[in-house]
Amino acid sequence: MSRHPMMVVPLEVAEELQAMRQELATLRAALTPLLADAGWLTVHDAAMKYRVSESTINRWVQAGRMEAKGAGASRRVKMIA
């Protein structure tokens, strides 16, 4: 794992970034139940639910066994009935 050199930013910018991080965390927390209620799970949550690896979930999506939307960390898969 590579490390990035530490950047020095003005205090106002750092405070604004922290406020944005908190707002994003609040939005994610509000959206998570809505996504779960709609039957969509993160790849990680689906792997935990079905007791398989995340790679298996991704293979199921590629094979057409599960429906998926989004990409990367925001990818969601439809729960299997």
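Position 1 is the first residue of the sequence, and the numbers go up from there. Because the structure is predicted, anything quoted here is derived from the model rather than measured.
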Does any donor atom in the side chain of Thr42 or Asp45 lie under 3.5 Å from an acceptor atom in the other side chain?
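Their side chains do contain a donor-acceptor pair, which is all the 3.5 Å distance test asks for.
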Flag the pair Lys69 / Arg75 as yes when at least one side-chain heavy-atom distance between them is below 4.5 Å, and no otherwise.
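A side-chain contact is absent here, since even the closest heavy-atom pair is not under 4.5 Å.
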Tyr50 side chain near Met79 side chain, heavy-atom distance below 4.5 Å
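Heavy-atom side-chain distance check passes, below 4.5 Å.
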Other residues, nucleotides and ligands only: do more than 12 of their heavy atoms fall within 6.0 Å of CD on Glu54?
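Check passes, neighbour count above 12.
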CD (Glu23) with more than 12 external heavy atoms under 6.0 Å
no
Working note: Thr56 + Arg59, criterion side chain to side chain contact (heavy atoms under 4.5 Å, CB included); need CA distance, chi angles, decisive distance, verdict.
CA-CA 5 Å; Thr56 297; Arg59 281 194 301 274; 3.0 Å; yes
Determine whether Ile57 and His44 satisfy the following criterion, side chain to side chain contact (heavy atoms under 4.5 Å, CB included), listing intermediate values before the conclusion.
CA-CA 9 Å; Ile57 296 295; His44 175 78; over 6 Å; no
Do Val77 and Val52 share a hydrophobic cluster (ILVMFWY, side-chain heavy atoms under 4.5 Å, transitive)?
yes
Is there a path of hydrophobic side-chain contacts, each under 4.5 Å between heavy atoms, that joins Leu41 and Ile80?
yes
Which pair of non-hydrogen atoms, one from Met66 and one from Lys78, has the smallest distance, and what is that distance?
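That closest heavy-atom pairing would be CE-O, 3.4 Å.
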Can you tell me how far the OG atom of Ser74 sits from the CZ atom of Arg28, to the nearest 0.5 Å?
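CZ of Arg28 is found 10.0 Å from OG of Ser74.
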Tell me whether the guanidinium CZ or amine NZ of Arg76 lies under 6.0 angstrom from the six-membered ring centre of Trp40 and within 45° of its axis.
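Arg76 over Trp40 ring: no.
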